[in-house]
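Step one of this worksheet: look at the structure below.
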Amino acid sequence: MKCFERLVMHHINTSLCNWLLDFLTGRPQAVWVGSNTSSTITLNTGAPQGCVLSPLLFTLLTHDCTQSHNSNLFIKFVDDTTVVGLISNKDETNYRSEVSHLARWCSDNNLSLNVEKTKEIVVDFRRAHAQHVPLTINGATVERVSSTKFLGVHITEDLSWTDNTAALAKKSQQRLYFLCKLRRARTPPPIMYTFYRGTIESILTSCITVWYGACNTSCQKTLQRIVRAAEKTIGVSLPSLQEIYGTHLTRKALCIAGDPTHPPHSFFSLLPSGRTLQSLQARTSRLKDSFIHQACQEAELAPELAPLPSSAPGTTEL
């Protein structure tokens with residue numbers, strides 16, 4: 001098994017490797033519905049769902065599934081992998097090579113890559129759009145789409161957030177119905193507020209640092225009307241989405257500033273003066289409204305970003 005090979009490669013104790021191999025192979029499985037039980041089959045692949053060891057074993061199996069070019073990025077999850085490629089000077093060689101590399105890795109590790117469910121989206125803001133050759137994986141052509149859903153966020157090829165706003169508004173309005181039912185049942189405001197935070201605000205603020213800054217005014221007003229409707233229903237003051245957006249921006253910026261291994265860490269490092277961050281230039285409103293630029297502005301106002309005072313002579317920092 002590939003996972004067993006990974007364990008040996010990491011110099012894990014042989015006895016422990018054999019114990020894990022015995023645990024993963026020869027596992028009987030049957031389906032039980034009511035009083036009926038299906039025939040039993042023996043599994044020698046995969047890991048039991050819900051097992052404490054499964055995430056660790058999955059990580060060991062996929063740790064070497066990484067990009068081979070700096071212009072590309074692999075975003076990996078348990079049942080989904082996304083390849084992000086930056087194409088410069090009309091040269092798609094590295095990007096297509098990366099996709100082929102991923103397909104080979106899946107084949108070598110006995111993982112099936114479902115090309116029918118694989119989608120490609122091209123974000124191109126040039127005035128003269130070039131015709132891109134269709135992407136193929138294992139001889140099958142990958143469908144190119146104008147919009148897709150990634151981690152609950154609707155992304156379009158022009159990076160407008162109208163589709164995402166409509167989806168969030170529709171989902172949140174459905175939850176407003178249940179909030180109104182709680183009010184008719186004379187539910188205390190604290191309970192309704194908790195319900196709002198868990199079922200409505202959590203939807204409206206999902207990945208808010210990614211899309212809210214680039215939303216047009218109409219989209220922002222659409223979502224804010226839902227907050228006002230909930231505010232009237234509960235009878236208490238609720239934070240606006242703009243306030244929540246600012247809070248999330250600052251929190252995320254401080255996390256990146258405190259993590260030297262994070263790719264954008266350099267953007268949140270103070271200049272030698274120790275007072276401000278480096279000034280980022282943006283020629284388009286699209287870039288100006290993006291996360292990095294917006295977060296840098298918020299982070300400069302955060303006192304937590306201030307440098308620590310140097311130690312006095314003769315003292316030692318612990």
Side-chain angles (χ1 to χ4, degrees), residues 84 121-125 145-180 182-183 189 192-257 264 267-268 277 279-302 305:
V84 180
I121 182 170
V122 178
V123 179
D124 188 357
F125 295 113
V145 296
S146 59
S147 64
T148 186
K149 188 177 180 181
F150 180 63
L151 298 181
V153 179
H154 293 262
I155 302 176
T156 58
E157 58 185 358
D158 60 354
L159 292 187
S160 65
W161 301 103
T162 305
D163 291 353
N164 187 65
T165 299
L168 293 179
K170 180 179 179 180
K171 196 172 183 180
S172 300
Q173 287 169 350
Q174 292 172 346
R175 304 304 196 274
L176 276 177
Y177 167 76
F178 297 102
L179 187 64
C180 293
L182 289 177
R183 181 183 180 181
M192 288 195 292
Y193 176 73
T194 302
F195 179 85
Y196 164 78
R197 290 290 309 278
T199 62
I200 300 177
E201 186 182 278
S202 61
I203 294 174
L204 295 174
T205 60
S206 177
C207 299
I208 192 171
T209 55
V210 175
W211 51 265
Y212 188 82
C215 269
N216 57 39
T217 305
S218 176
C219 290
Q220 293 180 0
K221 288 182 177 180
T222 297
L223 298 179
Q224 187 59 37
R225 279 196 293 268
I226 297 175
V227 176
R228 288 201 299 268
E231 194 173 51
K232 293 178 181 179
T233 302
I234 301 174
V236 299
S237 178
L238 299 175
S240 67
L241 292 180
Q242 183 65 46
E243 294 172 341
I244 296 175
Y245 172 62
T247 301
H248 284 220
L249 269 183
T250 303
R251 186 184 306 160
K252 188 65 176 177
L254 293 176
C255 288
I256 297 176
F267 293 112
F268 297 92
L277 300 173
S279 178
L280 300 179
Q281 301 298 324
R283 292 183 298 177
T284 63
S285 59
R286 185 185 303 107
L287 184 57
K288 184 179 179 181
D289 294 334
S290 64
F291 166 75
I292 294 294
H293 288 71
Q294 294 287 316
C296 283
Q297 295 178 13
E298 290 290 335
E300 284 190 338
L301 303 177
L305 198 64

Ignoring hydrogens, what is the shortest heavy-atom contact between [X] and [Y]? Give both atom names and the distance.
{"X": "I208", "Y": "L204", "answer": "CD1-O, 4.4 Å"}
{"X": "A295", "Y": "A253", "answer": "O-CB, 4.0 Å"}
{"X": "P264", "Y": "I292", "answer": "CB-CD1, 3.8 Å"}
{"X": "I155", "Y": "I121", "answer": "O-CD1, 3.7 Å"}
{"X": "E157", "Y": "V122", "answer": "CB-O, 3.4 Å"}
{"X": "Q224", "Y": "L241", "answer": "OE1-N, 3.1 Å"}

For F150, is the CZ atom crowded, meaning more than 12 foreign heavy atoms sit under 6.0 Å from it? yes

Taking atom CZ as the centre, does F125 end up with more than 12 heavy-atom neighbours from other residues, nucleotides or ligands that are less than 6.0 angstrom away? yes

Look up atom [atom1] in [X] and atom [atom2] in [Y], then write down how far apart they are to the nearest 0.5 Å.
{"X": "D163", "Y": "D158", "atom1": "CG", "atom2": "CG", "value": "8.5 Å"}
{"X": "K171", "Y": "T199", "atom1": "NZ", "atom2": "OG1", "value": "11.0 Å"}
{"X": "W211", "Y": "T165", "atom1": "CH2", "atom2": "OG1", "value": "6.0 Å"}
{"X": "Q294", "Y": "K288", "atom1": "CD", "atom2": "NZ", "value": "8.5 Å"}
{"X": "L176", "Y": "R183", "atom1": "CG", "atom2": "CZ", "value": "12.0 Å"}
{"X": "I200", "Y": "L168", "atom1": "CD1", "atom2": "CG", "value": "12.5 Å"}

May I ask you to decide if A229's main-chain N or O and T233's side chain share a donor-acceptor pair within less than 3.5 Å?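 Checked: pair present.
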
Worked check of side-chain contact (heavy atoms from CB on, under 4.5 Å) between Y212 and T205: CA-CA 9 Å; Y212 188 82; T205 60; over 6 Å; no

Please evaluate residues E201 and I244 with respect to the criterion side-chain contact (heavy atoms from CB on, under 4.5 Å), reporting the C-alpha separation (whole Å), side-chain torsions for both, the decisive distance (0.1 Å), and the verdict. CA-CA 10 Å; E201 186 182 278; I244 296 175; 3.7 Å; yes

Does the side chain of S218 pick up a donor-acceptor pair with the side chain of N216 at under 3.5 Å?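 The answer is no; no qualifying pair exists.
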
Do [X] and [Y] come within less than 4.5 Å of each other through their side chains, counting heavy atoms only?
{"X": "V210", "Y": "W161", "answer": "yes"}
{"X": "M192", "Y": "Y196", "answer": "no"}
{"X": "V227", "Y": "S240", "answer": "no"}
{"X": "L249", "Y": "F291", "answer": "yes"}

